[in-house]
Every structure is written in structure tokens, then in C-alpha cells.
Student: 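Can you read through this structure? Questions will come right after.
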Amino acid sequence: MYSVRMRATKDEMHISGAERLVDEKNIKIAAVSMIERALSHDRGKPDFINISVEEIETPIKEITSLPINLVNVNSVEEGKKVAKKVLSHIGIPYLCVEKAFTLLENGPSDGENMRGAIVMDMKGERLEPDKRRGIRASHMDITPIASLLLADALSKKGLTRHFTHVKEALVLATKVAFTKGSIAELCWSDDPFYTTGYVASGKLGYVRIPHLKKEGDYRGGRVFFVDNVNITDYIEEIEKTPVLITKFDGLREISDLNNITGE
Ligand code: PML
């Protein structure tokens, strides 16, 4: 297996990124489709595209995706309230939840987005060694069959246009949730035209929330809430251990939040 990755930037600002785990015979197809994607992103034309191909020598961990729970909210205020309630139900202390929101709302790297994620412990301390880069989940993918089942489930809910966003976020969130020491993840996109985000955890699955920021806002990112981790081992696992999602655990609509929090 090979890890094929793409990163595109303009004036050193992030435009797009993607990654796949593929057999040798599919390296070329993956690389070409990533270049096409980099060249057609609505953030603009990149002036730098990097494609890397790396042989994977360690065994690939095969896992089932988190289940997707769709929550319906009508405003950013409501979206944030739901996200905070879900995080609190998972057991993330109030102080950490508030700190995470403040960081993502204001730009955690001197007012700018980070390239990767914040790692926050249960006291609200940031553990990532590089506060600009953060940590970047990598070496992960989903099989074509699991991906097809996800596409089918999304199409039944009229969400086909969001397939790529959801697929990539679900793959990442699943890898993070299955990493020892992870308790939850909070994310919303840094794409100014994409306002959806999620709270993911082994406990409550991938809770997808349509409004976590206002349209036009370029701020976004990820916070991984952790407990009892050796940060070096944690980063190594998130960034390097290859993970393949081989099963899709389904999607359901949550009309009453109490159905997932059990309250
Ligand atoms: C979704 O479920 O629609 C994905 C939400 C998070 C997207 C994160 C990103 O694309 O940066």
C-alpha cells in the first residue's frame, strides 16, 4: 500500500489538501485526481502543489467508521449550543469547552487558523508542541465499498453535494476517535463558504451540526480533547499509523438531542 498526499497553497496560504491509501496500480489515478482537485478549488488557483507518494510498511489498522448523527439547527447560536451540550455530555469540562470555542472563533495561532489541530487536555492546557502547525491526522482512507454506502446514506438525506467534505471529515474523526487517549473532537471548517462542523467521539459518534459559524467567516479548525496521553506517542499515532475504514456504521437523523445524550 502507498500513501498518496496532496497539498496546494497560494502565497503560502492553504488552498486544499487530500490523501488516499492505495495499491501501487492506483497511485497514478489518485495523483491525477488530486491535481485536478487542487486546480479547481473554489478558494482559488494554487501557485504550489505538492504530491507525495510514500510506501506504507507498517500494518494497516482496519476499523469501522463512527456512526453519523445528523442534528438539525437553524442558527449558529443554536449550533454552538448543541455542540457544547454534546461535549459536556461526553464529559469535557466546561472550561475546556469554552476555551476551545474561543480559540477556534478567534484564530488559535495569533489570530490565524492553524494548519493542524489543537490538542487539549482535561485542564484546558494545549499540548501540541508547535502552536502554528498543530498536529495533522494523516495516513488514512476509506474503502470504495464503505464509501459507496456513505454516499448512498447521504443521498437519501439530500446531502450528496457534501459527500467529499463529509467523507474526509468522517475518516479523520474516526481515526482520531480510535486513537488511545482521545475523548472527543470539535471541528468546523476553515472554508468561508462551509459552515458545517461536528463533535465526534467514541461515545456519541459523529454528531454533524450544520451551522457552527456564519457564512464568509474564514476561521475554523479542530480541537482534539485528550486525557492521560503521552503527547509524543499520541502525535506519532495520529500522524503516522495507517488506518483504513472498511465499514460504514450508518447515519441517522436526530430530532431530539436527548435521544443521543440519553437525557
Ligand atoms: C461535514 O460533515 O460536512 C464536514 C464538516 C467539517 C469539515 C471540515 C473541513 O472540511 O475543513
Side-chain angles (χ1 to χ4, degrees), residues 17-18 63-92 97 100-101 104-105 113 117-118 137 140-142 146-179 182-215 217-225 243 245 247-263:
I63 56 177
T64 299
S65 79
L66 293 174
I68 298 182
N69 288 306
L70 300 177
V71 175
N72 193 13
V73 295
N74 295 311
S75 65
V76 177
E77 290 67 33
E78 208 188 327
K80 286 187 178 175
K81 216 163 127 188
V82 166
K84 289 180 182 184
K85 186 168 178 191
V86 172
L87 284 165
S88 147
H89 183 82
I90 295 164
I92 309 300
V97 174
F101 271 86
L104 293 189
E105 282 163 357
N113 291 331
I118 294 168
M140 60 213 175
D141 203 351
I142 183 167
S147 176
L148 212 68
L149 292 172
L150 168 65
D152 186 48
L154 290 173
S155 99
K156 289 188 176 123
K157 298 290 175 193
L159 292 170
T160 296
R161 69 190 183 285
H162 298 312
F163 170 69
T164 304
H165 264 108
V166 179
K167 181 182 81 167
E168 290 177 354
L170 180 66
V171 169
L172 188 153
T174 301
K175 177 174 187 185
V176 172
F178 276 86
T179 302
S182 291
I183 310 293
E185 178 191 349
L186 168 68
C187 163
W188 65 83
S189 182
D190 55 8
D191 182 335
F193 305 106
Y194 204 78
T195 61
T196 301
Y198 63 85
V199 174
S201 63
K203 194 166 173 179
L204 297 180
Y206 181 97
V207 182
R208 183 173 191 269
I209 305 167
H211 305 287
L212 279 180
K213 69 172 187 184
K214 293 221 158 28
E215 214 168 292
D217 184 351
Y218 71 91
R219 293 214 173 89
R222 291 187 155 87
V223 181
F224 302 159
F225 297 96
V243 163
I245 293 177
K247 286 200 184 100
F248 170 55
D249 202 19
L251 173 152
R252 63 182 177 149
E253 228 161 327
I254 303 295
S255 49
D256 180 358
L257 192 61
N258 294 341
N259 288 348
I260 50 167
T261 59
E263 282 162 13

Student: Taking the six-membered ring of F101, is NZ or CZ of K84 closer than 6.0 Å to its centre and within 45° of its axis?
Tutor: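 K84 over F101 ring: yes.
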Student: Could you tell me whether the side chain of S182 and the main chain of V176 form a donor-acceptor pair under 3.5 Å?
Tutor: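 Here the side-chain-to-backbone pair exists.
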Student: Is there a side-chain contact between E185 and R222 (heavy atoms, below 4.5 Å)?
Tutor: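 Side chain of E185 against side chain of R222, heavy atoms only: contact under 4.5 Å found.
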Student: Under a 3.5 Å distance rule, please check whether K213 uses its side chain to pair with a backbone N or O of S189 as donor and acceptor.
Tutor: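 Present.
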Student: Just jot down the ring-ring contact (aromatic ring centres under 6.0 Å, His included) partners of Y198, sequence neighbours excluded, or say none.
Tutor: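 Testing Y198 for ring-ring contact (aromatic ring centres under 6.0 Å, His included), a comparison that skips the adjacent residues, returns Y206.
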Student: Between A83 and L212, what is the shortest heavy-atom contact and its length?
Tutor: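 Minimum heavy-atom separation between A83 and L212: CB-CD2, 4.1 Å.
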Student: Within this structure, what is the CG-CG distance for the pair L172 and L66, rounded to the nearest 0.5 Å?
Tutor: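 The CG atom of L66 is 10.5 Å from CG of L172, to the nearest 0.5 Å.
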Student: Taking the side chain as C-beta and beyond, is there a heavy-atom pair between K157 and L251 under 4.5 Å?
Tutor: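 When only atoms from C-beta onward are counted, L251 and K157 do touch, with a gap below 4.5 Å.
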Student: Heavy atoms only: give me the nearest L170-S65 pair and the separation to one decimal.
Tutor: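 Closest approach of L170 to S65: CD2-CB, 4.0 Å.
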Student: Just do the side-chain contact (heavy atoms from CB on, under 4.5 Å) check on F248 and L148 with the steps written out, would you?
Tutor: CA-CA 9 Å; F248 170 55; L148 212 68; over 6 Å; no
Student: Using side-chain heavy atoms (C-beta onward) and a distance below 4.5 Å, is L159 in contact with V166?
Tutor: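 No; the side chains remain at least 4.5 Å from each other.
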Student: Here's a test for you: under ring pair (Phe, Tyr, Trp, His ring centres under 6.0 Å), which of F193, Y194, W188 qualifies with H165?
Tutor: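 Only match with H165 under ring pair (Phe, Tyr, Trp, His ring centres under 6.0 Å): Y194.
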Student: Less than 4.5 Å apart, any side-chain heavy atom of H162 and any of L154?
Tutor: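 Sidechains of L154 and H162: no contact.
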Student: What I'd like to find out is whether the side chain of R219 reaches to under 4.5 Å of the side chain of N113, using heavy atoms alone.
Tutor: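 A side-chain contact under 4.5 Å exists here.
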Student: I'd like to check V76 versus K80 (side-chain heavy atoms, cut-off strictly below 4.5 Å). Are they in contact?
Tutor: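 Yes, side chains in contact.
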Student: Give me the atom names and distance for the closest heavy-atom approach of L87 to V199.
Tutor: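 So the minimum-distance heavy-atom pair works out to CD2-CG1, 3.6 Å.
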Student: Any idea which heavy atoms bring V171 and D141 closest together, and the distance?
Tutor: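 Here V171 and D141 meet closest at CG1-N, 3.8 Å.
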Student: Decide yes or no on salt bridge (charged side-chain N to carboxylate O under 4.0 Å, His left out) for K214 and E77, but give the supporting numbers first.
Tutor: CA-CA 10 Å; K214 293 221 158 28; E77 290 67 33; 3.6 Å; yes
Student: With a 3.5 Å cut-off and no angle check, do the side chains of R252 and N69 form a donor-acceptor pair?
Tutor: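 Per modelled atom types, R252 and N69 side chains form a pair under 3.5 Å.
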Student: Drop me the distance from I209's CD1 to N72's CG, to the nearest 0.5 angstrom.
Tutor: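 If we round to the nearest 0.5 Å, I209:CD1 and N72:CG are 11.5 Å apart.
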Student: Flag the pair I245 / I63 as yes when at least one side-chain heavy-atom distance between them is below 4.5 Å, and no otherwise.
Tutor: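 When only atoms from C-beta onward are counted, I63 and I245 do touch, with a gap below 4.5 Å.
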Student: Which heavy atom in I90 sits nearest to a heavy atom in S201, and how many Å separate them?
Tutor: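 In this case the closest contact between I90 and S201 is CD1-OG, 3.3 Å.
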Student: Any donor-acceptor pair under 3.5 Å linking the side chain of T179 with the backbone of K175?
Tutor: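 At least one qualifying donor-acceptor pair exists.
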Student: Measure the OG-CG distance between S255 and L70 for me, rounded to the nearest 0.5 Å.
Tutor: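 Going from OG on S255 over to CG on L70, the span is 11.5 Å.
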Student: Nearest heavy-atom pair of K167 and S147: which atoms, and what distance?
Tutor: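 For K167 versus S147, the nearest heavy atoms are CD-OG, 3.7 Å.
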Student: With a 4.5 Å cut-off on side-chain heavy atoms, are L186 and V97 touching?
Tutor: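 A side-chain contact under 4.5 Å is absent here.
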